[in-house]
Chemist: 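Starting off with a structure, shown below.
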There are 2 protein chains.
Amino acid sequence: MISHMARSTSRQLSTAAERREVVLRTAIGTFAARGYYGTTTAEVAKAAGISQAYVYRLFPDKESLFVAVIEYCSVRMREAFADAAAKATGSDPGTVLEALGEAYARLIVDRDLLLVLMQATCAASEPAIRDAIRASYAREVEYVRAVSGASDEAVQHFVARGFLCNTLTAIRADEVDAPWARILLTGIRHY
Amino acid sequence: MISHMARSTSRQLSTAAERREVVLRTAIGTFAARGYYGTTTAEVAKAAGISQAYVYRLFPDKESLFVAVIEYCSVRMREAFADAAAKATGSDPGTVLEALGEAYARLIVDRDLLLVLMQATCAASEPAIRDAIRASYAREVEYVRAVSGASDEAVQHFVARGFLCNTLTAIRADEVDAPWARILLTGIRHY
DNA sequence: GATAGGAGTAATTAACCACTCACACTTTGC
DNA sequence: GCAAAGTGTGAGTGGTTAATTACTCCTATC
């Protein structure tokens with residue numbers, strides 16, 4: 001069993017688990033731009049550096065792949081929140097929420113991670129995707145509430161602000177030089 | 001020239017302008033569910049009660065059609081805001097914003113109108129669509145700011161809350177019986 | 001009442017896409 | 001060193017889709 005754990009550098013082929021991880025990581029970029037319906041499995045395969053046929057060895061179908069990408073993004077987002085909460089300078093709700101907001105702003109650098117979750121929201125007419133994105137929001141809201149101890153109203157406001165960030169990221173509002181864009185971007189850190 | 005204005009009831013065929021209007025109105029429902037990439041021109045045609053080929057007589061291509069739908073939704077939203085502002089009981093920023101929020105909540109009954117604008121945001125990687133949705137947000141923000149006279153911060157907060165509503169509508173959060181859903185739905189009227 | 005132009009469609013096309021299959025190569029266990 | 005299991009692909013397949021074409025029918029005008 002120990003020999004099973006051989007590092008990939010000692011092998012010429014990757015293990016399926018490693019490949020799955022690569023596919024999930026690289027598929028974020030392809031799904032972020034054109035969403036579930038607009039992204040082809042060939043694009044996903046190319047981004048991961050494998051054949052399109054092998055995508056179907058790693059995931060049963062496109063929908064399962066997309067759901068796995070949603071969960072991957074959801075986990076990474078909560079990791080970022082956990083890091084931020086651990087490093088927060090105080091433990092009162094305001095300070096913790098501030099730290100989480102900072103972490104969210106840093107996630108925007110990626111762009112793609114947040115956009116995938118927004119794309120998942122837009123593809124929620126598919127039951128399996130709706131379940132996955134609901135579960136993602138459920139964990140996120142519950143985590144923010146528990147770690148910050150903030151009021152329901154403050155948590156709601158935090159989430160709403162996050163959705164505003166997502167939208168501004170999707171339309172690249174930071175490239176627009178106009179009053180409306182400045183109003184919406186006010187106080188939103190973007191590195 | 002006057003005879004050109006013959007009412008449609010006196011004709012067996014519609015004028016192209018009337019058909020275009022019908023297509024835009026009914027296409028909202030189809031684009032709302034699965035977005036730009038996930039909706040076929042055949043579905044749009046069926047919803048409008050015309051052949052798929054005729055969609056291409058009325059609009060040069062699918063992208064132009066979707067852009068026209070975005071603009072149609074954008075106009076209808078601003079009409080709803082204008083109605084609400086005219087009926088507001090007071091003229092101070094808080095009262096007007098309250099009235100606009102009420103109008104937005106009533107738009108959610110439609111569901112589809114708001115969802116189309118969210119779908120457009122998600123399809124913003126297409127330059128023409130990005131331009132259209134940016135223009136829509138520009139007009140909306142400018143209108144809300146001008147009619148309410150509210151501060152930049154209040155306008156931003158109003159828009160963020162709108163995006164929260166859109167997301168909750170997309171995932172049908174009102175059908176979820178869980179704490180996280182109640183937190184996000186608190187204070188959000190849905191008729 | 002003929003005719004020009006607009007309304008409308010059935011049928012088709014070329015490209016594309018999700019998904020499959022037969023097959024080849026690599027690694028592991030014994 | 002060999003068989004079983006695992007990694008990986010080229011070459012499809014059947015169905016779908018955006019866009020076109022060639023055509024019919026309707027309506028206004030003179």
Side-chain angles (χ1 to χ4, degrees), chain A residues 1-24 26-27 30-31 33-69 119 123 126 128-129, chain B residues 1-24 26-27 30-31 33-69 119 123 126 128-129:
Chain A
M1 286 302 178
I2 295 290
S3 59
H4 248 114
M5 307 291 280
R7 292 199 329 282
S8 66
T9 50
S10 69
R11 303 172 36 108
Q12 174 169 343
L13 299 177
S14 299
T15 65
E18 282 170 341
R19 281 291 194 204
R20 248 183 285 267
E21 160 81 18
V22 169
V23 171
L24 292 180
T26 58
T30 57
F31 279 119
R34 289 199 299 285
Y36 174 60
Y37 299 108
T39 302
T40 68
T41 56
E43 287 168 350
V44 170
K46 190 175 180 186
I50 62 175
S51 68
Q52 190 237 11
Y54 197 43
V55 172
Y56 282 85
R57 291 271 157 138
L58 299 172
F59 300 92
D61 53 26
K62 188 185 172 184
E63 189 178 76
S64 304
L65 164 64
F66 189 61
V67 165
V69 170
Q119 294 286 6
E126 301 288 340
I129 296 174
Chain B
M1 284 301 179
I2 296 289
S3 58
H4 246 115
M5 308 291 279
R7 293 199 328 282
S8 66
T9 49
S10 69
R11 302 168 42 105
Q12 176 167 339
L13 298 177
S14 300
T15 66
E18 283 171 341
R19 281 292 195 204
R20 248 183 285 265
E21 159 82 18
V22 170
V23 171
L24 291 180
T26 57
T30 57
F31 279 120
R34 289 198 299 285
Y36 174 60
Y37 299 108
T39 302
T40 69
T41 56
E43 287 167 351
V44 170
K46 190 174 179 185
I50 61 175
S51 68
Q52 187 243 7
Y54 198 44
V55 173
Y56 282 86
R57 293 271 158 138
L58 300 172
F59 300 91
D61 53 27
K62 189 185 172 186
E63 189 178 74
S64 304
L65 164 64
F66 188 60
V67 166
V69 171
Q119 295 285 6
E126 301 286 343
I129 296 174

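Letters A, B, ... mirror the listed sequences (proteins, then strands); counts begin at 1. Excluded from the calculations below are hydrogen atoms, water molecules and symmetry mates; all remaining heavy atoms, backbone and side chain alike, are included. Here the structure is a predicted model, which is why all the values come from computation and not from measurement.
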Chemist: Which of these nucleotides, D/dA19, C/dA10, D/dG10, is closest to any side-chain atom of A/Ala53?
Modeler: D/dG10
Chemist: Side-chain contact test, heavy atoms from C-beta onward, threshold under 4.5 Å: evaluate it for B/Arg34 versus A/Tyr36 and give yes or no.
Modeler: no
Chemist: Looking only at side-chain atoms of B/Ala16, point me to the closest of C/dA7, D/dT17, D/dT21.
Modeler: C/dA7
Chemist: Calculate, to the nearest 0.5 Å, the distance between atoms CD and CD belonging to B/Glu43 and B/Gln52 respectively.
Modeler: 11.0 Å
Chemist: Expressed in angstrom and rounded to an integer, what is the separation of B/Asp61 atom CG from D/dT20 atom P?
Modeler: 8 Å
Chemist: Would you mind reading off the distance between A/Glu63 atom CD and C/dC19 atom C1', rounded to a whole angstrom?
Modeler: 14 Å
Chemist: Which whole-number value in Å describes the distance from B/Tyr36 OH to D/dT17 P?
Modeler: 14 Å
Chemist: Can you find a heavy atom in the side chain of A/Phe59 that is under 4.5 Å from one in the side chain of A/Leu24?
Modeler: yes
Chemist: Counting only distance, no hydrogens or angles, is the base of C/dC17 paired donor-acceptor with the side chain of A/Gln52 under 3.5 Å?
Modeler: no
Chemist: Compare the minimum distances between each of C/dC19, C/dG8, D/dA18 and the side chain of B/Arg19, then state the nucleotide with the smallest one.
Modeler: C/dG8
Chemist: Ignoring the backbone of B/Tyr54, work out which of C/dA10, D/dT9, C/dA7 is nearest its side chain.
Modeler: C/dA7
Chemist: Using whole Å, report how far NZ of A/Lys46 lies from P of D/dG8.
Modeler: 20 Å
Chemist: On DNA chain C, nearest-nucleotide positions of A/Glu43 versus B/Ile50: which is more 5'?
Modeler: B/Ile50
Chemist: Check every atom of C/dA10, D/dA18, C/dA18 against the side chain of B/Thr41 and return the nucleotide holding the closest atom.
Modeler: D/dA18
Chemist: Could you state the atom-to-atom distance from CG of B/Leu58 to P of D/dA19 in whole Å?
Modeler: 14 Å
Chemist: With heavy atoms under 4.0 Å as the rule, sort A/Arg57 into base, sugar-phosphate or nothing.
Modeler: base
Chemist: For the pair made of CZ in B/Arg20 and C1' in C/dG8, what is the distance, rounded to whole Å?
Modeler: 14 Å
Chemist: Once you round it to whole Å, what is the distance between P of D/dT17 and OH of B/Tyr56?
Modeler: 11 Å
Chemist: If you take all heavy atoms of B/Val23 and B/Leu58, which pair is closest and at what distance?
Modeler: CG2-CD1, 3.9 Å
Chemist: Assign A/Ser51 to base, sugar-phosphate, or nothing according to its heavy-atom contacts below 4.0 angstrom with the strands shown.
Modeler: base
Chemist: Tell me: CZ of B/Phe59 to P of D/dA18, nearest whole Å?
Modeler: 15 Å
Chemist: Between A/Tyr37 and A/Glu126, which heavy-atom pair has the shortest distance, and what is it?
Modeler: OH-OE2, 2.7 Å
